[in-house]
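Single-structure report; data block below.
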Amino acid sequence: MGERREKMSKRIKKEVAVIILAAGKSTRMKSELPKVLHKLCGRPMLGYVLDLVGALKPAQVVAVLGYKQELVRKFIPKGIKIAIQKKLIGTADAVKTGLAALKGFKGTVLILYGDNPLLKKQTLSKLLDYHYQNNVDATLLTAQLKKPSGYGRIMRDKYFSICGIVEEKDADEVQKDIKEINTGIMAFKKEKLLANLGSIRPNNRKKEYYLTDIIEIFAKKNYLVDGLKIQDTAEAMGINTRAELAKANCLMQKTINDKLMQDGVTIIDPPSTFINFGTAIGKDTVIYPFTVIERDVKIGKRCFVGPFAHLREGVGLGDDVTAGNFIEMVRSRIGTKTFVKHFSYLGDCSVGSNVNIGAGTVTANFDGKNKNYTVIEDNVNIGSDTVIVAPVKIGKFAITGAGSVVTRNIPDKAVVAGVPARILRKR
Ligand code: UD1
Ligand code: CA
């Protein structure tokens with residue numbers, strides 16, 4: 001099997017070009033933001049599709065962009081060609097646009113959709129393997145769904161061969177009962193795809209050029225059309241609405257949490273723990289319920305986080321840190337063995353090691369115009385309810401009394417208190 005897989009990867013590297021369709025609007029999302037930029041676990045859904053392509057390593061990749069392409073192209077890595085679909089008149093036209101960027105390429109064209117972020121690489125490898133083993137002209141990835149509504153249905157003839165795809169909007173009652181759906185993922189022999197795309201007409205309710213119509217054209221010409229059914233139907237999910245986005249988010253969250261637990265993180269209650277994509281958490285850290293951890297946060301080993309903690313972008317916790325109940329942190333680094341146990345807001349700051357931040361401590365980091373930085377050095381003891389008005393630096397071993405308002409830098413070992421805080425003595 002390993003050898004076969006290796007052969008397959010080599011073939012993909014040489015013979016497969018991927019076209020990612022991502023030109024569509026956000027009509028059913030009722031959004032101004034292009035659909036593919038809507039986020040799953042803190043990351044645009046297109047990012048997951050791009051990762052998938054990155055892992056597949058095909059010979060060439062073209063992303064077809066259209067609606068607000070200037071926003072979407074920022075997310076497209078170098079090495080991926082961009083083709084602009086001028087008028088959004090359907091998936092067949094989008095593929096035609098993509099193919100124009102693949103002039104001279106011979107081989108297999110794999111179509112992916114930018115709104116299909118849960119798809120896995122193994123599934124694509126299987127699809128391509130099947131496509132090559134059986135020398136198929138068009139291999140469709142299909143799925144058997146209990147509730148197929150919204151998707152194109154796979155039509156089969158009396159020999160059970162695929163003879164077409166009918167979109168939900170154009171389907172009659174009998175066709176709507178078909179449970180096998182088109183995921184949209186298809187592998188084609190490029191020459192045949194190119195030669196027949198032009199025959200597609202916009203004869204449907206939406207008056208669009210549907211890529212799915214090519215299947216009937218192929219079948220009528222006796223080209224070999226075949227389907228591979230996906231095992232995990234969640235992977236098939238295309239996201240068109242906010243409700244589907246929420247459902248996919250939930251599935252993606254489960255994947256992220258499962259992986260963290262597998263890597264040695266304790267998550268007391270996974271369903272109430274929201275950890276974004278790209279977060280790194282060390283072994284033996286415990287995450288308590290109702291915690292939100294945003295993108296690219298780094299957490300060390302043996303930390304305690306939550307319950308009800310909100311760690312936002314740019315947060316890094318060293319090892320053995322406690323970020324306890326009702327904490328919000330943003331753009332802040334916290335050193336090892338530091339405690340921030342109860343109701344605190346730390347924004348734009350650097351906190352050293354062995355620091356104790358008392359309950360209710362707040363960094364006043366925003367002066368109405370700018371975000372200002374706070375430095376708290378090692379072994380500091382911040383009394384409860386201290387307000388730290390940034391920019392300010394609190395030196396090593398300093399202590400602030402409960403209720404202090406710190407407006408000026410505090411030297412090492414100073415003990416301060418009051419509003420504004422004044423030096424009482426040195427330690
Ligand atoms: C499509 C399929 C349907 C399938 C479903 C799977 C067609 C006609 N229908 O329907 O059979 O069950 O996906 O999720 O293909 N796009 C463009 N340019 C366009 C139109 C669309 O690039 O002019 C892109 C979109 O950005 C999206 C993808 O193509 O990423 C699919 O388009 P969408 O409108 O979401 O198709 P569905 O109605 O979901
Ligand atoms: Ca879709």
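Counting starts at 1 for both ligands and their atoms, following the listed order.
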Q | Cation-pi check, Lys192 onto Tyr223 ring (under 6.0 Å, within 45° of axis) | A |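 That pair qualifies as a cation-pi contact.
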Q) Around ligand 1, what residues show up once you keep those with a heavy atom under 4.0 Å from it? A)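 Residues within 4.0 Å of ligand 1: Leu21, Ala22, Ala23, Gly24, Arg28, Lys35, Gln85, Leu88, Ile89, Gly90, Thr91, Ala94, Tyr113, Gly114, Asp115, Tyr151, Gly152, Glu167, Asn182, Thr183, Tyr210, Thr212, Gly238, Asn240.
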Q) Got Glu167 and Arg205 here, is their nearest side-chain heavy-atom distance under 4.5 Å? A)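 Answer no - side chains too far apart.
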**Q.** Test item: Arg201 and Tyr209 side chains (from C-beta on) under 4.5 Å apart, heavy atoms
**A.**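 SC-SC contact between Arg201 and Tyr209 confirmed.
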**Q.** Distance criterion under 3.0 Å: protein N/O/S atoms around the Ca ion (ligand 2)
**A.** 2
(Q) Would you say Gln253 and Asn257 are linked by a side-chain donor-acceptor pair, where the criterion is simply a distance under 3.5 Å? (A)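 Yes, side-chain donor-acceptor contact under 3.5 Å.
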Q: Give, for atom CG of Leu141 and atom NZ of Lys126, the distance between the pair rounded to the nearest 0.5 Å.
A: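 Nearest 0.5 Å value for the CG-NZ distance: 10.0 Å.
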**Q.** Donor-acceptor contact present, side-chain Thr363 to main-chain Tyr345, <3.5 Å
**A.** yes
Q. Got a donor-acceptor contact below 3.5 angstrom from the Arg43 side chain to the Phe277 backbone?
A.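 Not confirmed, Arg43 side chain does not pair with Phe277 backbone.
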Distance-only check: which donor-acceptor pairs under 3.5 Å involve side-chain atoms of residues 295-308, not counting sequence neighbours?
{"from": "Arg302", "atom 1": "NE", "to": "Asp320", "atom 2": "OD1", "distance (Å)": "2.9"}
{"from": "Arg302", "atom 1": "NH2", "to": "Asp320", "atom 2": "OD2", "distance (Å)": "3.1"}

Table please: side-chain donor-acceptor pairs of residues 73-91 below 3.5 Å, with sequence neighbours left out.
{"from": "Arg73", "atom 1": "NH1", "to": "Gln69", "atom 2": "OE1", "distance (Å)": "2.9"}
{"from": "Lys81", "atom 1": "NZ", "to": "Gln60", "atom 2": "OE1", "distance (Å)": "2.8"}
{"from": "Lys81", "atom 1": "NZ", "to": "Ala101", "atom 2": "O", "distance (Å)": "3.0"}
{"from": "Gln85", "atom 1": "NE2", "to": "Lys87", "atom 2": "O", "distance (Å)": "3.4"}
{"from": "Gln85", "atom 1": "NE2", "to": "Gly90", "atom 2": "O", "distance (Å)": "3.3"}
{"from": "Gln85", "atom 1": "NE2", "to": "Asp93", "atom 2": "OD2", "distance (Å)": "2.9"}
{"from": "Thr91", "atom 1": "OG1", "to": "Leu211", "atom 2": "N", "distance (Å)": "3.1"}

